[in-house]
Amino acid sequence: IDFSLPSLNICILICGTHGDVLPFCSLAKELQALGHRARIATHEVHRKTVQDKEIEFYPLAGDPKQLSQWMVQTGGSVWGEA
């Protein structure tokens with residue numbers, strides 16, 4: 001199928017560590033190369049990583065270290081959290 005995809009505005013939301021952010025930086029760069037506007041929304045501690053790759057950054061609140069600690073302690077389950 002041969003068709004033209006219009007330019008899209010894409011926001012990639014990442015909650016996590018440096019290792020979680022890096023693969024999505026590559027995805028954002030590929031999307032940019034295809035003519036799309038790609039931005040990454042993630043924790044403030046990742047701002048430099050994202051912006052150094054010339055990707056738009058949007059800050060998220062919260063502490064990714066706290067999130068990682070919670071994931072290890074609970075296995076990521078929300079059972080019993082309510």
Side-chain angles (χ1 to χ4, degrees):
I1 300 175
D2 202 14
F3 68 95
S4 178
L5 185 66
S7 180
L8 302 174
N9 291 312
I10 301 164
C11 182
I12 303 169
L13 174 66
I14 309 160
C15 294
T17 64
H18 185 76
D20 296 313
V21 173
L22 283 177
F24 289 101
C25 287
S26 296
L27 175 61
K29 291 305 286 182
E30 286 297 319
L31 290 167
Q32 287 175 342
L34 292 170
H36 303 292
R37 176 184 177 200
R39 118 179 4 175
I40 291 182
T42 190
H43 304 285
E44 185 66 39
V45 297
H46 304 302
R47 178 185 291 270
K48 183 171 176 11
T49 299
V50 172
Q51 290 181 332
D52 282 352
K53 296 179 183 336
E54 299 179 355
I55 301 166
E56 286 185 63
F57 174 83
Y58 187 86
L60 294 182
D63 181 356
K65 288 182 183 178
Q66 232 177 6
L67 174 63
S68 294
Q69 183 181 23
W70 176 80
M71 292 292 286
V72 168
Q73 290 172 349
T74 66
S77 172
V78 293
W79 296 110
E81 292 288 318

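- Linking Ile, Leu, Val, Met, Phe, Trp and Tyr residues whenever their side-chain heavy atoms come within less than 4.5 Å places Ile14 and Ile10 in a single cluster.
- The hydrophobic cluster around Val45 extends to none of the other residues, as no ILVMFWY side-chain heavy atom falls under 4.5 Å of it.
- The nearest pair of heavy atoms linking Glu44 to Pro59 is OE1-CB, 3.5 Å.
- A distance of 9.5 Å separates OG1 of Thr49 from CZ of Phe57, quoted to the nearest 0.5 Å.
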Can you give each donor-acceptor pair under 3.5 Å made by side-chain atoms of residues 21-31, sequence neighbours left out, with the distance rounded to 0.1 Å?
| residue | atom | partner | partner atom | Å |
| --- | --- | --- | --- | --- |
| Lys29 | NZ | Gln32 | OE1 | 3.2 |
| Lys29 | NZ | Lys53 | O | 3.1 |

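- Atom CZ of Arg47 and atom CG of Asp52 lie 11.5 Å apart (nearest 0.5 Å).
- Listed by first and then second residue, the side-chain hydrogen bond (donor to acceptor under 3.5 Å, both in side chains) pairs that reach into residues 12-22 are Thr17-Asp20, sequence neighbours excluded.
- The distance from the NE2 atom of His46 to the NZ atom of Lys48 is 14.0 Å, given to the nearest 0.5 Å.
- A side-chain hydrogen bond (donor to acceptor under 3.5 Å, both in side chains) check over residues 1-10, counting only residues at least two apart or in different chains, returns nothing.
- The two atoms that bring Leu8 and His36 nearest to each other are N-ND1, 2.9 Å, heavy atoms only.
- Grouping Ile, Leu, Val, Met, Phe, Trp and Tyr by side-chain contacts under 4.5 Å, direct or through others, leaves Val72 on its own.
- Looking at residues two or more places apart in sequence or on another chain, you find a salt bridge (charged side-chain N to carboxylate O under 4.0 Å, His left out) between Glu56 and Arg37, Arg39.
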